[in-house]
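Note that the numbering runs from 1 along the sequence shown for the chain. The analysis underlying the following values was restricted to heavy atoms, covering all of them including side chains, and did not include hydrogens, waters or symmetry mates. All of these numbers come straight from a predicted model, not from anything done at the bench.
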Amino acid sequence: MGQLGPGEESIAPPRDTVLFEVPPIGDWSLALHGGAGGRIQELATEEREAFEAGLSRAWDAGAAVLSRGGAALDAVCAAVEQLEDDPLFNAGRGAALTTDGDAEHDASVMDGATGLAGAIAASRHARNPILLARAVMERSAHLFLVHPTLSLVESWGLETAEQDYFVTEARRAQLARILGDGLVAPRHGTVGAVARDTSGSVAAATSTGGMANQEDGRVGDSPVIGAGTYAMDGQAAVSCTGEGEAFIRGVVSYDIVARMRYLDAGLADAVTATIAEELTAEHASGGLVSVAADGRVVVAHNSPTMFAAFHDGSGLVLRT
Ligand code: ASP
């Protein structure tokens with residue numbers, strides 16, 4: 001194994017679950033994550049403030065939508081868009097690179113109000129993958145598109161970008177180090193948001209470059225509805241980050257909602273049980289942000305770290 005940087009995680013063994021639960025405060029709720037992978041070695045600890053600034057900008061974007069009575073769906077997309085634009089996070093610009101050095105994006109969104117969802121995988125052209133996932137939901141007859149073409153992105157009037165825009169020096173250096181060290185354990189990260197709006201609807205959005213040094217074409221849980229992303233009005237919205245394969249096998253985001261739906265579990269109990277049974281017991285690490293229909297927020301991870309932003313009633317909590 002090569003040297004891990006401060007806060008950086010490879011596929012670390014899961015630890016005891018860290019969980020924050022915030023009872024409903026106000027008439028809307030929002031929570032974000034910036035990945036359970038930690039910052040990469042190429043970005044030193046002094047970048048903490050930059051990570052905090054990125055999370056707080058994304059929070060402000062989502063909160064602006066919700067505080068003027070906007071929809072949860074608009075809020076989660078606005079927040080994730082900000083994190084995609086920020087090169088520090090593994091989504092959009094600054095996405096982790098595949099073995100071949102390319103940025104391939106996976107993203108999904110689900111609207112609890114309508115039960116509709118949209119997802120994309122191995123996307124290379126949309127500047128903001130989350131907006132493309134939303135466009136699939138709203139503008140096509142489909143739910144999930146793999147390798148969406150440049151002409152489709154353009155025909156929907158979405159902004160496009162070249163690989164040069166997505167691929168940052170820090171990610172190139174990270175890939176070179178991983179390849180040079182012959183690391184088998186790839187590094188991860190992802191961004192996501194959940195919200196409950198003033199009308200009581202919930203939504204979730206997740207966007208990622210996947211695992212550093214993943215094979216071209218590898219797809220993780222982030223665009224898989226029920227695994228990395230799920231939202232159902234009356235129950236909850238969940239956005240995940242971590243070892244995608246385990247999240248898919250454990251159908252993690254839906255497992256949480258199903259515990260609430262069929263067992264009448266509260267959100268915190270559902271999250272605790274799902275992490276214990278579907279992740280920790282499977283030796284997989286990661287985390288999630290979630291919001292219940294009543295506005296309660298639960299942020300939890302069994303990974304050593306998870307970047308997150310949520311309001312605890314007295315102020316914005318930024319975990320970096
Ligand atoms: N879940 C993402 C994936 O497997 C990576 C991450 O969240 O860290 O692609």
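Annotation: side chain of Val109 is not in contact with side chain of Thr229 (no heavy-atom distance under 4.5 Å). Using a 4.5 Å cut-off on side-chain heavy atoms (C-beta onward), His147 and Ser123 make no contact. You'll find the side chain of Arg196 stays beyond 4.5 Å of the side chain of Val297, heavy atoms only. When side chains are defined from C-beta on, Ser290 counts as touching Val271, because their heavy atoms get closer than 4.5 Å. Between Leu88 and Glu47, some side-chain heavy-atom pair lies under the 4.5 Å cut-off. Annotation: side chain of Leu267 is in contact with side chain of Ile256 (closest heavy-atom distance under 4.5 Å). In this structure the side chain of Ile225 reaches within 4.5 angstrom of the side chain of Leu143, judged on heavy atoms.
Look at Glu169 and Arg172 and you find a salt bridge, because one of the NZ, NE, NH1 or NH2 atoms lies within 4.0 Å of a carboxylate O, short of that distance.
Each of Leu288 and Val18 belongs to its own hydrophobic cluster when Ile, Leu, Val, Met, Phe, Trp and Tyr are linked at side-chain heavy-atom distances under 4.5 angstrom. There is no path of hydrophobic side-chain contacts, each under 4.5 Å, that joins Ile275 to Val289. Hydrophobic clustering (ILVMFWY, side-chain heavy atoms < 4.5 Å, transitive): Met260 and Val298 are in one cluster. Two different hydrophobic clusters hold Val299 and Val80 under the rule that ILVMFWY side chains link at heavy-atom gaps under 4.5 Å. Residues Phe307 and Phe310 are members of separate hydrophobic clusters, defined by side-chain heavy-atom contacts under 4.5 angstrom among Ile, Leu, Val, Met, Phe, Trp and Tyr.
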Output side-chain donor-acceptor pairs under 3.5 Å for residues 50-75, partner residues at least two apart or in another chain, one line each.
{"unit_1": "Glu52", "atom_1": "OE2", "unit_2": "Thr320", "atom_2": "OG1", "d": "3.4"}
{"unit_1": "Arg57", "atom_1": "NH2", "unit_2": "Asp86", "atom_2": "OD2", "d": "3.3"}
{"unit_1": "Ser67", "atom_1": "OG", "unit_2": "Ala63", "atom_2": "O", "d": "2.8"}
{"unit_1": "Ser67", "atom_1": "OG", "unit_2": "Ala64", "atom_2": "O", "d": "3.3"}
{"unit_1": "Asp74", "atom_1": "OD1", "unit_2": "Arg134", "atom_2": "NH1", "d": "2.8"}
{"unit_1": "Asp74", "atom_1": "OD1", "unit_2": "Arg134", "atom_2": "NH2", "d": "2.9"}

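With sequence neighbours excluded, no residue forms a salt bridge (Lys or Arg N to Asp or Glu O under 4.0 Å) with Glu162. The salt bridge (Lys or Arg N to Asp or Glu O under 4.0 Å) test applied to Glu154 returns no partner, not counting sequence neighbours. Asp27 is linked by a side chain to side chain contact (heavy atoms under 4.5 Å, CB included) to Thr198, counting only residues two or more places apart in sequence or in another chain. With sequence neighbours left out, Phe144 forms a ring pair (Phe, Tyr, Trp, His ring centres under 6.0 Å) with no residue at all. Arg261 is linked by a salt bridge (Lys or Arg N to Asp or Glu O under 4.0 Å) to nothing, counting only residues two or more places apart in sequence or in another chain. Here Ser239 pairs with His33, Thr206 under the side-chain hydrogen bond (donor to acceptor under 3.5 Å, both in side chains) rule; sequence neighbours left out. Shown here are the salt bridge (Lys or Arg N to Asp or Glu O under 4.0 Å) partners of Asp294, two or more places apart in sequence or in another chain: Arg296.
Side-chain contact, Ser222 with Asp106: no donor N or O sits under 3.5 Å from an acceptor N or O. For the residue pair Arg171 and Gln174, a side-chain donor N or O sits within less than 3.5 Å of a side-chain acceptor on the partner. Checked by atom type, the side-chain pair Thr208/Thr190 shows a donor-acceptor distance below 3.5 Å.
Looking at every heavy atom in both residues, His311 comes nearest to Gly315 through CE1-N, 3.4 Å. For the residue pair Val191 and Ala91, the shortest heavy atom distance occurs at CG2-CB, 3.7 Å. Taking each heavy atom of Phe166 and Ala126 in turn, the nearest pair found is CZ-O, 3.2 Å. The minimum heavy-atom distance between Ala96 and Gly210, with the atom names listed, is CB-O, 3.7 Å. Pro87 approaches Thr168 most closely through the heavy-atom pair CB-CG2, 4.0 Å. Heavy-atom minimum distance, Ile130 versus Ala205: CD1-CB, 3.7 Å.
Sorted by first and then second residue, the salt bridge (charged side-chain N to carboxylate O under 4.0 Å, His left out) pairs with a member in residues 264-283 read Arg259-Glu277; sequence neighbours excluded. Residue pairs satisfying the ring-ring contact (aromatic ring centres under 6.0 Å, His included) criterion with at least one member in residues 223-265, sequence neighbours excluded, are listed as follows: Tyr230-Tyr254. Residue pairs meeting the side-chain hydrogen bond (donor to acceptor under 3.5 Å, both in side chains) criterion with at least one partner in residues 93-105, sequence neighbours excluded, are Thr98-Asp216, Thr99-Asn213, Asp102-Arg124, Glu104-Arg124. Evaluation of the salt bridge (charged side-chain N to carboxylate O under 4.0 Å, His left out) test over residues 200-213, restricted to residues two or more places apart or in two chains, returns none.
Proximity of a side-chain donor or acceptor of Asn128 to a complementary backbone N or O of Leu131 within less than 3.5 Å is not detected. Distance alone, capped at 3.5 Å, is enough to place a donor-acceptor pair between the Thr274 side chain and the Ala270 backbone. Judged by distance alone, the side chain of Asp197 and the main-chain N or O of Ser201 form a donor-acceptor pair under 3.5 Å. Distance alone, capped at 3.5 Å, is enough to place a donor-acceptor pair between the Glu243 side chain and the Ser285 backbone. Remark: the backbone N or O of Ala119 is not paired with any side-chain donor or acceptor of Ser108 at under 3.5 angstrom. Of the possible polar contacts, one joining the Asn302 side chain to the Gly286 backbone as a donor-acceptor pair under 3.5 Å is found.
Within the model, atoms OG1 of Thr241 and CE of Met306 stand 7.5 Å from one another, a figure rounded to the nearest 0.5 Å. To the nearest 0.5 Å, atoms CD (Glu21) and CG (Asp312) are separated by 13.0 Å. Distance check: Thr160 OG1 to Leu152 CG gives 12.0 Å after rounding to the nearest 0.5 Å. If you take CE on Met211 and CD1 on Ile178, they are separated by 10.0 Å, rounding to the nearest 0.5 Å. Going from atom CD of Glu159 over to atom CZ of Arg127 covers 4.5 Å, rounded to the nearest 0.5 Å.
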Apply side chain to side chain contact (heavy atoms under 4.5 Å, CB included) to Arg319 and Val317, showing your working. CA-CA 6 Å; Arg319 307 229 345 129; Val317 179; 4.1 Å; yes
Please assess Val153 against Leu132 for the test side chain to side chain contact (heavy atoms under 4.5 Å, CB included), listing each intermediate value before the final yes or no. CA-CA 7 Å; Val153 179; Leu132 182 56; 3.9 Å; yes
Please report the C-alpha distance between Val252 and Leu279 in whole Å, then the side-chain angles of each, then the deciding distance to 0.1 Å, and finally whether the side chain to side chain contact (heavy atoms under 4.5 Å, CB included) criterion is met. CA-CA 8 Å; Val252 167; Leu279 298 177; 4.1 Å; yes
